[in-house]
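The structure under discussion appears below in the form of structure tokens.
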Amino acid sequence: MQTFFAFVISAICFTTLNAQNNISNSFSSTNKVNRYAYTNGNTSLEKWFGNDKFLDSAKTYHKNGKLNEVFHYKEHRLHGTAYKYNHFGEKLTTWVFNMDTLLSRTDHILIYNEKDKAKKQILYKRLDSVNAILRVNPKNTRSKYLRARYRYFLNNQLLALKDLFWQRYRLIRNAKKRKKAPNKKAFSRIYDRLGSIYSDLEMKNHASQYKHAALRGDSTNNRLRYNLAAYFFKIEDYKLAEHYLNSVLKEKPDHAFAHRLMAAIHTDYEDYEKAKYHIDLAFPKEKNLLKYGFANVTRDIRTQRGFIKHKLGDSKSGIADLQEAIRLNDKNAFAYRNLGIVYADIGENESACFNLKKAKALDYELMNNRDDIQSYINAVCNTDTNTTRSSSTLFTLKNKPFVYPNPTKGSITVKNIAFDTFNYTIHNFSGSLVANGTSNGQSVNLQALASGVYILNVFKDGENQTFRVVRD
């Protein structure tokens, strides 16, 4: 079985990522540029190379296709002027670098809302402090790690990646130099952050592999277990998310973050009674959810609770929750979507139309990889009809195929598929084929595989399904 240290040594560096098209998000390459894409097809990451094969520039993009960050390099070092924009095209930040040394940072627009204002103001101040320390001592390890954290929380993705890979390199070098085993918990912290950044870029294989490696290195850490669950929730691998959330709740029954995610899962399963059970357990800790979580997340606790209340018959109170969620964050596309659905369900089509169009304008579909908004708009914004429709016809996971058990130490069975036997392929996180064959009934044996995250493709008679499987 692959050891944690072996994974550390063989982990893929930022400048050499190459995932297969059908295994991770879309990847394309020429002599001059490597591109990765979001699930919706828009470019997420772009790296340009000069004639000397050195990295010349790198850009990230928002899911709606607009430019996010642009950085220039000289001999693999940050050099020149760099910029960051929000997904409306407004310039947020300008940096000036000289061979990796940060000369200046100018924040044109500070990115916060009513929910996260205090937290973000503290982050900006802390970032200024660690930058001041690193100008004097650029190899201060703790300051580099703290800067990576602050940059990540402020969504400075490429800068956070650079700091994290520097940390990883230092840990590997020190372990070799001292001829000691690596500090697994230190690597786990780094891999958890790397997984989060690749998650934001929808580089799914790298995100899941790094998140899983983080937990392998610190297997009793509930925060890392929750983070892995949150990632699987984000990519709608709900069965895997539930497995890790249940593990968290078994050890910490009052874990508000876990209850919030369980409520979201059961909402998408349309099991609103269970969703209410979890949201009621999470809600008393709303302040902690805002303080320690991502306050700009659009599927926040009020956005969820308002929708659940409506589905259980209390539309008035549900509308109040959703309006409060929008007051706290007027860019909350999910709250506008939920509010639009509530108004549609109770026959107030004018209000429904306004909120659904607002959600669409805020790129709800692109940002959440869903396609339900236009269907609602078509139904409720036509003044010649009073047609309403239920959300259950537009987004449901009730009968979605899944594998069980997952994670597994051996065989898995594919559930909710139309065929009894099938051919399959299994790829690892770098896109390499590691196994293929024909199923034993609806079962596949993974016992020979090392611990990690794999992509299982099953296919027969032109039909196929893809699953993410964790081999413990």
>> Which residue is it: Asn436, Val434, Leu456, Leu433? I am looking for the one with a side chain to side chain contact (heavy atoms under 4.5 Å, CB included) to His427.
In response: Leu433
[X] side chain to [Y] main-chain N or O, any donor-acceptor pair under 3.5 Å?
X: Thr408; Y: Tyr404; answer: no
X: Ser208; Y: Asn205; answer: yes
X: Thr267; Y: Ala263; answer: yes
X: Asn156; Y: Leu159; answer: no
X: Tyr231; Y: Lys204; answer: yes
X: Thr93; Y: Tyr83; answer: no

What I'd like to find out is whether the side chain of [X] reaches to under 4.5 Å of the side chain of [Y], using heavy atoms alone.
X: Asn34; Y: Phe49; answer: yes
X: Leu215; Y: His212; answer: no
X: Gln304; Y: Phe334; answer: no
X: Glu242; Y: Ile265; answer: yes
X: Leu158; Y: Leu45; answer: yes
X: Tyr73; Y: Leu78; answer: yes
X: Asn155; Y: Lys84; answer: yes
X: Leu362; Y: Phe88; answer: yes

More than 12 heavy atoms of other residues, nucleotides or ligands under 6.0 Å from [atom1] of [X]: yes or no?
X: Phe419; atom1: CZ; answer: yes
X: Lys460; atom1: NZ; answer: yes
X: Arg105; atom1: CZ; answer: yes
X: Asn137; atom1: CG; answer: yes
X: Lys91; atom1: NZ; answer: yes
X: Arg173; atom1: CZ; answer: yes
X: Lys358; atom1: NZ; answer: no

Considering non-hydrogen atoms only, spot the tightest contact between [X] and [Y] and give its length.
X: Lys211; Y: Ser196; result: NZ-OG, 2.6 Å
X: His62; Y: Asn86; result: NE2-C, 3.2 Å
X: Thr413; Y: Ser443; result: OG1-OG, 3.1 Å
X: Val403; Y: Asn406; result: CG2-ND2, 3.4 Å
X: Lys184; Y: Gly217; result: CB-O, 3.3 Å
X: Ala213; Y: Tyr191; result: CB-CD1, 4.1 Å

Going by the rule side-chain hydrogen bond (donor to acceptor under 3.5 Å, both in side chains), which residues pair with [X] if we only count those two or more places apart in sequence or in a different chain?
X: Asn64; answer: Asp363
X: Arg225; answer: Asn222, Ser247
X: Tyr61; answer: Glu46

>> Please determine whether a side-chain nitrogen of the Lys or Arg among Arg149 and Asp192 lies less than 4.0 Å from a carboxylate oxygen of the Asp or Glu.
In response: no
> Does Asp372 pair with Arg337 as a salt bridge, N-O distance under 4.0 Å?
Replying inline: yes
> Hey, mind stepping through Tyr238 and Phe233 against ring-ring contact (aromatic ring centres under 6.0 Å, His included) and telling me if it holds?
Replying inline: CA-CA 5 Å; Tyr238 281 7; Phe233 167 78; 5.3 Å; yes
> So which of Lys63, Gln157, Lys59, His87 actually passes side-chain hydrogen bond (donor to acceptor under 3.5 Å, both in side chains) with Asn68?
Replying inline: Gln157
Is the [X] to [Y] ring centre distance short of 6.0 Å?
X: Tyr226; Y: Tyr244; value: no
X: Tyr210; Y: Tyr198; value: yes
X: Phe459; Y: Tyr424; value: no

> Tyr152 and Asp163: side-chain contact (heavy atoms from CB on, under 4.5 Å), yes or no, with the steps?
Replying inline: CA-CA 10 Å; Tyr152 169 67; Asp163 281 343; over 6 Å; no
> Checking side-chain contact (heavy atoms from CB on, under 4.5 Å) for the pair Ile412/Leu446: CA distance, chi angles, key distance, verdict?
Replying inline: CA-CA 8 Å; Ile412 55 95; Leu446 282 69; 3.7 Å; yes
> Is the NZ or CZ atom of Arg170 both under 6.0 Å from the centre of the six-membered ring of Tyr145 and within 45° of that ring's axis?
Replying inline: no
>> Lys162 vs Asp100, test: salt bridge (charged side-chain N to carboxylate O under 4.0 Å, His left out). Steps then yes/no.
In response: CA-CA 10 Å; Lys162 186 173 180 64; Asp100 267 355; 3.4 Å; yes
